[in-house]
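For reference, the structure discussed in these notes is given below.
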Amino acid sequence: MENDAGAGPPGCQALIDEALSLTDPAGEPYARRLSGYFAPTLKEDPAEAELASHRLMIRAGLIRRLAGGIYTYLPAMLRSIRKLERIVRRALNSRGAQELLMPAVQPLELWQESGRDRKYGPELLRLKDRHGRDFAIGPTHEEVMTDIVRRDVRSFRDLPLNLYQFQTKFRDEIRPRFGLMRGREFIMKDAYSFDTDSESANASYRAMHEAYTEIFTRCGLRFASVEADSGAIGGSFSHEFMVLADSGENTLISCPSCGYAANQEKAELAGYPVARGEESPLARVHTPDQRHVPELAGFLGVPESSIIKSMLFVLEDGGPVLVLIPGDREINLVKLENALAGGRPRLAEPGEALAITGAPPGFVTPVGVRIPVAADRGVEGMLAGVVGTGEEGWHYTGARPGRDFRVDSYHDLALSAAGDPCPRCGGPVEVRKGIEVGHVFKLGTRYSEAMGARVALADGTEAPIFMGCYGIGIGRTIAASVEQSHDKDGIVWPMPLAPFEAALLPLQTQNPAVMGAAARLFRDLAALGVETVLDDRDERPGLKFKDADLLGLPLRVTVSERSVARGECELRERATGKVTMLPLETAAAAIRELRDRAL
RNA sequence: CGGGGCGUGGCGCAGUCCGGUCAGCGCGGCUGCUUUGGGAGCAGUAGGACGGAGGUUCAAAUCCUCUCGCCCCGACCA
């Protein structure tokens, strides 16, 4: 855009040019002027965005949508991405991990070899080349990584090894949403560790867990590391890193007294209170129109926990199974799937329930059924429960498992809730919401065995390599940061992830004294390595303030006729709103110090 | 994939039920003058043929059919 600096005094333009020429060691400029900088801000909320981070990232000129779940990162966003990548690199490199870059396009054969071709299903974006050969766009890189290692790693002497990359992944999500929070195309840092044995693999896992803790701490995020289910990636154990935010899609259980934390899907639950009742004979009771637990409990005058909910599930690779759980409890589908080993369970349709058990919805009974029966441990000690009879309008009271009906197996199947006993210390747990930004898995030998990645051991025999894999969603982490830290006016960046550290606002660009002072400050800040944008646009103060709040850089420095007359500038901290007047001569140094303290 | 909502200048929307009077409003853009510490005022100006394709009709943004896309709620994930 325009090349002069308003009505600056002689030398003003030279100072600005000097500032603009300074770069960090990676070649990234410390300073930018807002005029001509491609960060188009929007005055109104975009119709497509619901979630705060999504809305604000669009409004602040950080991202633009190209197609569903596919976004362009505009210059300011890319700066934040690079910063996060630098934080991640430092943490991984210092632990001996080595960066490489694998292809995004992968031969489908690799996926057939690991068997994940089928398991990933339509989420794996497939394509054919001109010869008709099958490829996929990598949703993750275990296969390629394993392939690379099996070709060139032959001996235990080559291990341990930890390789990582920053890669654009593609997952054809059923429903992309919330902007960068769940995109189809996204940048992921994925690392893979290779060890000769399980103990060494554990050490690699611990090192990565530690690296992740360091990374998210450095980012200035409030987060928790929780025990997690290992899901589709497979493997023996895993932790998720959750950024705490009310809008998070994940629920996590944590114990303030002992520090236990787990994804709600995974959280163990045992020994919670149920109404056991007193041993009594099975009795058939008329319960007209009492279909749901709360009404039924009220009607019978018993606590909800003494009602035994009978739910019919159909397993993905198996038949039906009847699942019993106390009436005041919710079923945890992940735990159920893991307990039953028959693939993913699905709640039977009312019609199916009728066909399989002969009972109308709400009156399914475990009494006399011929299909397998699995129950939550809460049911185990019940002496007098309430169950259906299989007949509309009638329930049994006094039902006792083992005496009145068969239970084939007891498991931990219930969803943890606030106040439940902690599985470690028994203290009451808390429930919080989080955004999953990182996930570490101990994979074991699942991939190395399937794909023949083996090494020679010291004793001359060969064994499969023990693997681990570790991911961080780069865009998601930044979106999560915005989600965790914003207000009605815009984003409130933590210093380490902010696209720039300071915004410099000369309020009267036509005033030579103001522009002169701003240009000097701009140069001084850049020279001190403070990343600064100069709002040199000839706009009214109000607009500049609004835009500054929206973009949310941590420090805002205002230079105006008023302040310059007193030889000062105004420093405002975005997060706290705290305002300090600084002498112009020493402002740059003071701002730098403030920046350094926040990093 | 099931359920709900929506596609009209760059952005946000009205108009659609009850075809014609319809292509409109706010913001933004551009020009000029005034203004300059919290999204300025006035005047002027450019810009869309109503997601796309068929159809009904003298006449379609509006009715019908098909189709594409987007957003939200559910089952998956960094």
Side-chain angles (χ1 to χ4, degrees), chain A residues 6 40-51 54-55 58-59 61 64-70 84 88 119-123 139-141 166-191 212 228-233 238 240-243 249-250 263 265 316 333-334 337 344-347 349 434-441 469-480 489-490 505-511 514 537-550 556 558-563 570 572 579:
Chain A
T41 55
L42 268 39
K43 201 165 173 176
E44 288 168 283
D45 281 333
E48 69 184 48
E50 200 93 329
L51 207 64
H54 188 194
R55 227 173 48 225
I58 292 173
R59 276 193 59 197
R64 287 293 182 266
R65 189 181 64 80
L66 179 64
I70 302 180
L84 174 55
V88 173
K119 184 156 188 176
Y120 240 88
E123 210 166 297
T140 172
H141 280 66
F166 292 92
Q167 242 283 0
T168 296
K169 311 287 188 197
F170 195 95
R171 294 184 187 172
D172 204 355
E173 293 278 349
I174 299 166
R175 179 153 96 87
R177 56 183 133 173
F178 306 141
L180 259 38
M181 208 62 97
R182 183 197 297 264
R184 289 195 294 169
E185 183 177 302
F186 59 98
I187 302 173
M188 177 163 104
K189 184 287 300 172
D190 46 328
Y212 275 36
D229 188 71
S230 43
I233 304 272
S238 85
E240 287 165 340
F241 286 78
M242 301 276 196
V243 167
E249 292 187 86
N250 293 86
N263 191 314
E265 290 177 346
E316 194 177 22
L333 286 174
V334 171
E337 175 175 356
R344 176 161 306 144
R346 157 182 79 74
L347 195 60
E349 306 287 330
I435 300 162
E436 184 190 349
V437 292
H439 204 158
V440 295
F441 296 90
C469 75
Y470 317 91
I472 292 179
I474 298 298
R476 182 128 115 192
T477 301
I478 292 172
D489 296 316
L505 275 54
L507 293 191
Q508 297 84 20
T509 51
Q510 299 306 324
N511 180 318
V514 169
R537 297 174 301 173
D538 185 16
E539 292 288 356
R540 296 172 60 90
L543 186 144
K544 294 192 177 195
F545 289 140
K546 288 291 183 188
D547 268 354
D549 286 344
L550 181 58
R556 186 186 81 189
T558 307
V559 178
S560 68
E561 285 165 351
R562 243 161 52 189
S563 72
E570 176 201 283
R572 184 171 192 272
V579 172

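Just so it is clear: chains get the letters A, B, ... in the order the sequence lines come, proteins before strands, and each one is counted from 1.
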Please name all residues satisfying side chain to side chain donor-acceptor pair (under 3.5 Å) with [X], sequence neighbours left out, ordered by chain then number.
{"X": "E265(A)", "result": "none"}
{"X": "K169(A)", "result": "H141(A), D190(A)"}
{"X": "R572(A)", "result": "none"}

Determine the Euclidean distance between corresponding [atom1] atoms of [M] and [N]; express it in Å to zero decimal places.
{"N": "G41(B)", "M": "U36(B)", "atom1": "P", "value": "14 Å"}
{"N": "G32(B)", "M": "C50(B)", "atom1": "P", "value": "35 Å"}
{"N": "G47(B)", "M": "G26(B)", "atom1": "C1'", "value": "16 Å"}
{"N": "U16(B)", "M": "C76(B)", "atom1": "P", "value": "43 Å"}
{"N": "A14(B)", "M": "C27(B)", "atom1": "C1'", "value": "15 Å"}
{"N": "A53(B)", "M": "A61(B)", "atom1": "P", "value": "13 Å"}
{"N": "C64(B)", "M": "A78(B)", "atom1": "P", "value": "45 Å"}
{"N": "A40(B)", "M": "G48(B)", "atom1": "C1'", "value": "28 Å"}

Watson-Crick/G-U partner (both atom distances under 3.5 Å) of [N]:
{"N": "C63(B)", "result": "G55(B)"}
{"N": "G74(B)", "result": "C1(B)"}
{"N": "C17(B)", "result": "none"}
{"N": "G69(B)", "result": "C6(B)"}
{"N": "G26(B)", "result": "C11(B)"}
{"N": "G32(B)", "result": "C42(B)"}

What contact category does G183(A) fall into here, base, sugar-phosphate, or nothing, at under 4.0 angstrom with non-hydrogen atoms?
base
Using a cut-off of 4.0 Å on non-hydrogen atoms, how would the nucleic acid contact of N250(A) be classed: base, sugar-phosphate, or nothing?
base
Separation of [N] [atom2] from [X] [atom1] (nearest whole Å):
{"X": "N263(A)", "N": "A78(B)", "atom1": "CG", "atom2": "P", "value": "11 Å"}
{"X": "I58(A)", "N": "C11(B)", "atom1": "CD1", "atom2": "C1'", "value": "11 Å"}
{"X": "F186(A)", "N": "A78(B)", "atom1": "CZ", "atom2": "C1'", "value": "5 Å"}
{"X": "E123(A)", "N": "C77(B)", "atom1": "CD", "atom2": "C1'", "value": "7 Å"}
{"X": "R476(A)", "N": "C77(B)", "atom1": "CZ", "atom2": "P", "value": "11 Å"}
{"X": "D45(A)", "N": "C6(B)", "atom1": "CG", "atom2": "P", "value": "20 Å"}
{"X": "I174(A)", "N": "C72(B)", "atom1": "CD1", "atom2": "P", "value": "15 Å"}
{"X": "I472(A)", "N": "C77(B)", "atom1": "CD1", "atom2": "C1'", "value": "15 Å"}

Nearest 0.5 Å, please: how far is CZ in F545(A) from CG in D489(A)?
12.5 Å
Per nearest nucleotide of RNA chain B, the residue lying toward the 5' end, E185(A) or P46(A), is P46(A)
RNA chain B: I474(A) or L51(A), which has the more 5' nearest nucleotide?
L51(A)
Give me, pair by pair, the N or O atoms of the protein and of nucleotides 47-52 of chain B that are less than 3.5 Å apart, along with how far apart they are.
none

I'd like to know if the side chain of [X] and the backbone of [Y] have a donor-acceptor N/O pair within less than 3.5 Å.
{"X": "K544(A)", "Y": "P506(A)", "value": "yes"}
{"X": "R65(A)", "Y": "G179(A)", "value": "no"}
{"X": "Y470(A)", "Y": "K189(A)", "value": "no"}
{"X": "R59(A)", "Y": "L42(A)", "value": "yes"}

Applying side-chain contact (heavy atoms from CB on, under 4.5 Å) to R182(A) and R175(A), what does each step give before you reach the verdict?
CA-CA 8 Å; R182(A) 183 197 297 264; R175(A) 179 153 96 87; 5.9 Å; no
Can you find a pair of side-chain heavy atoms, one from I58(A) and one from H54(A), that are under 4.5 Å apart?
yes
Is there side-chain contact between L543(A) and R537(A), with at least one heavy-atom pair below 4.5 Å?
yes
For N511(A) and E561(A), does a side-chain donor sit closer than 3.5 Å to a side-chain acceptor?
yes
Given protein heavy atoms under 4.0 Å, the one-letter contact record of nucleotides 34-39 of chain B, with B base, S sugar-phosphate only and - none, is simply -BBBBB
Would you list the protein and nucleotides 66-71 of chain B atom pairs, both N or O, that sit under 3.5 Å from each other?
| residue | atom | partner | partner atom | Å |
| --- | --- | --- | --- | --- |
| C70(B) | OP1 | G68(A) | N | 2.7 |
| C71(B) | O3' | E48(A) | O | 3.4 |

For E240(A) and N263(A): C-alpha separation, side-chain torsions, deciding distance, then whether side-chain hydrogen bond (donor to acceptor under 3.5 Å, both in side chains) applies.
CA-CA 8 Å; E240(A) 287 165 340; N263(A) 191 314; 2.6 Å; yes
Any ion pair linking R556(A) and E570(A) (charged N to carboxylate O, less than 4.0 Å)?
yes
